[in-house]
Amino acid sequence: GNKLYTTFLRELMNIGIIERSGMYVPGQVSRGYRLKEPFRSDKAITIRIKDSKIASKKLTMRVTPEDYSSTVDRFLIKSLRNICIEYKDALKQLKIDLENKEKYTEYHFNSDFVAITDIATGQWRYSRDDFGNRAHHNLTNYRGSLKRFLKVNESEPLIGLDIANSQPFLFNIVLGKLFKEGLPSDAKKYKELTSQGMLYAYIQEHLESKHEIKQIKREFFSKVFFSRNFIGNRKNANRYTVLMENHFPNVYKAIWYCKKRGHRELPKTLQRIESYIMIETVINNLLEEKEDAFCITIHDELLTVKEDVSR
């Protein structure tokens, strides 16, 4: 139980195996734990489980379609279990990255090593969260550059299809409900940019930022969409907030309104819209057309095969 879990954590800290970082704030910030050096920098290795009892418990952790009653969940799990990996080639790539990439450390190697080994040995995980109703599985945080080693039915490569500017784009649904009499001009401009997948490029241009789009996206989310509402002297507001207020004043007011009861309300709303569209709608429609189709959702992305792309 929790008492035993806490005891293990305390003992691991006492003997110098793990360390705790961050500050605990109830309902806001969790404590973080990680391996201490030199353990964190050691490469992970595979150890065969010889104890039959432990091995049998490990096998029961593998998710199966029968574990869920929902048709879409059963389909997604079935699709997962049809994936295999070119394990030796993937492992070779990890070793190349460790030797040649400055920012690719033993920590990253170990994380990727566990990910590819779980797939190779059929250790499939699957769950749906209560917050945004998203599906989580082995591929949720799987490194993108390693997807080329994944195959369906041993030979078919995966093809990724995603929504550009997905959550800013989905916010248009919220805007439509808030502005029932019609969108203001700035909201129309916002809709046009997000529909074309050009919002982050627009922000990059008007902030005269040298940052890559990926970093601008990350900062925009943390400082506008998912942050607490800014209350105070506008001179102290971050540049993303200022840009939104100046270029999209009604959109920013709508964002502020959606976070009035708490900064987690907007991401929850957007994630639930996303999961409804991607899982409950797209997957259900695909099932109606072809029961034996292949498709996996990774939040706003669909992974499928060439045969099923047009569907």
Side-chain angles (χ1 to χ4, degrees), residues 72-73 76 79 127-145 147 158-179 183 186-207 209 211-227 240-241 243-244 247-248 250-252 254-259 263-286 295-304 308-311:
V72 291
D73 290 321
L76 290 172
S79 291
S127 64
R128 295 282 290 273
D129 67 61
D130 295 327
F131 184 76
N133 203 27
R134 283 173 154 182
H136 301 269
H137 45 73
N138 300 60
L139 303 186
T140 303
N141 297 311
Y142 188 80
R143 184 152 65 99
S145 59
K147 287 179 183 175
L158 294 177
I159 297 174
L161 307 169
D162 64 359
I163 306 173
N165 300 174
S166 61
Q167 297 212 8
F169 172 70
L170 295 176
F171 189 62
N172 288 300
I173 296 174
V174 179
L175 290 173
K177 292 182 178 180
L178 292 177
F179 297 104
L183 294 178
D186 65 296
K188 290 180 180 178
K189 183 178 181 181
Y190 173 89
K191 183 176 182 179
E192 180 182 352
L193 286 169
T194 53
S195 298
Q196 296 172 351
M198 295 299 294
L199 178 64
Y200 302 129
Y202 179 91
I203 293 173
Q204 182 184 47
E205 177 185 349
H206 287 81
L207 288 182
S209 175
H211 294 319
E212 294 182 357
I213 293 294
K214 184 182 292 187
Q215 184 172 344
I216 289 174
K217 174 183 176 180
R218 185 166 57 247
E219 292 181 354
F220 175 79
F221 273 88
S222 66
K223 296 181 179 180
V224 178
F225 261 50
F226 300 160
S227 63
Y240 291 91
T241 295
L243 182 144
M244 290 298 294
H247 291 248
F248 309 102
N250 288 290
V251 175
Y252 182 73
I255 293 171
W256 202 96
Y257 174 81
C258 290
K259 296 189 293 181
H263 69 288
R264 288 168 58 85
E265 290 303 309
L266 181 57
K268 179 194 287 187
T269 298
L270 294 177
Q271 287 183 25
R272 291 192 172 189
I273 292 173
E274 172 199 271
S275 62
Y276 177 78
I277 292 173
M278 302 297 283
I279 300 175
E280 309 303 334
T281 305
V282 174
I283 297 300
N284 264 321
N285 289 345
L286 181 61
C295 192
I296 295 292
T297 64
I298 305 179
H299 303 333
D300 63 348
E301 180 184 14
L302 296 173
L303 290 179
T304 186
D308 296 325
V309 167
S310 61
R311 299 179 188 279

Atom NZ of Lys147: over 12 foreign heavy atoms under 6.0 Å = yes
Is the shortest heavy-atom distance from the side chain of Ile216 to the side chain of Leu207 under 4.5 Å?
-> no
Decide side-chain contact (heavy atoms from CB on, under 4.5 Å) for Tyr142 and Leu303; before the verdict, give the C-alpha distance in whole Å, the side-chain angles of both, and the deciding distance to 0.1 Å.
-> CA-CA 12 Å; Tyr142 188 80; Leu303 290 179; over 6 Å; no
For Ile213 and Gln204, work out which heavy atoms get closest and say how close.
-> CD1-OE1, 3.6 Å
Of all heavy-atom pairs between Val174 and Cys258, which one has the smallest distance, and what is that distance?
-> CG1-SG, 3.7 Å
For Asn285, look at atom CG and say whether over 12 heavy atoms of other residues, nucleotides or ligands are found less than 6.0 Å away.
-> yes
4.5 Å side-chain heavy-atom contact, Asn250 and Tyr190 | no
Straight-line distance of Lys177 NZ to Asn172 CG, nearest 0.5 Å = 13.0 Å
Between Leu76 and His137, is a side-chain contact (heavy atoms from CB on, under 4.5 Å) present by the stated rule, with each step listed?
-> CA-CA 10 Å; Leu76 290 172; His137 45 73; over 6 Å; no
Side chain proximity check, Thr194 to Leu175, heavy atoms < 4.5 angstrom = no
Sequence neighbours left out, cut at 3.5 Å: what donor-acceptor pairs do the side chains of residues 158-168 make with other protein atoms?
unit_1	atom_1	unit_2	atom_2	d
Asn165	OD1	Met198	N	3.2
Asn165	OD1	Leu199	N	3.0
Ser166	OG	Asp300	OD2	2.6

Tyr240 OH to Phe220 CZ distance, which is reported to the nearest 0.5 Å = 9.5 Å
Assess whether atom NZ of Lys189 is packed by more than 12 heavy atoms of other residues, nucleotides or ligands within 6.0 Å.
-> yes
side-chain contact (heavy atoms from CB on, under 4.5 Å) between Gln196 and Glu192, intermediate numbers included = CA-CA 6 Å; Gln196 296 172 351; Glu192 180 182 352; 3.7 Å; yes
Can any side-chain N or O of Lys223 pair as donor or acceptor with the backbone N or O of Thr241 at less than 3.5 Å?
-> no
Would you say Leu286 and Thr304 make side-chain contact, with heavy atoms under 4.5 Å?
-> no
Taking the side chain as C-beta and beyond, is there a heavy-atom pair between Tyr252 and Asp186 under 4.5 Å?
-> no
Closest contact, heavy atoms only, Ser227 versus Ser222 | CB-O, 3.0 Å
Are side-chain heavy atoms of Asn133 and Arg128 found at a separation under 4.5 Å?
-> yes
For the atom pair NZ (Lys188) and OG (Ser195), what is the distance rounded to the nearest 0.5 Å?
-> 13.5 Å
Determine the minimum heavy-atom distance between Leu183 and Gly176, stating which atoms define it.
-> CD2-N, 4.4 Å
Exceeds 12 heavy-atom contacts within 6.0 angstrom, atom CD of Gln215 | yes
Do side-chain atoms of His247 reach the backbone of Leu243 as a donor and acceptor pair under 3.5 angstrom?
-> no
So, for Phe225 and Leu266, which heavy atoms are closest and what is the spacing to 0.1 Å?
-> O-CD2, 3.5 Å
Do Glu212 and Lys217 come close enough that some side-chain heavy atom pair is under 4.5 Å?
-> no
In Å, rounded to the nearest 0.5 Å, how long is the span from CD1 of Ile279 to OG1 of Thr297?
-> 4.0 Å
Name all pairs fulfilling the side-chain hydrogen bond (donor to acceptor under 3.5 Å, both in side chains) condition that reach into residues 266-276, sequence neighbours left out, sorted by first residue then second.
-> Arg134-Glu274
From CZ (Phe169) to CD1 (Ile273), nearest 0.5 Å = 11.0 Å
Rounded distance (nearest 0.5 Å) linking atom OH of Tyr200 with atom NE2 of His211 | 15.5 Å
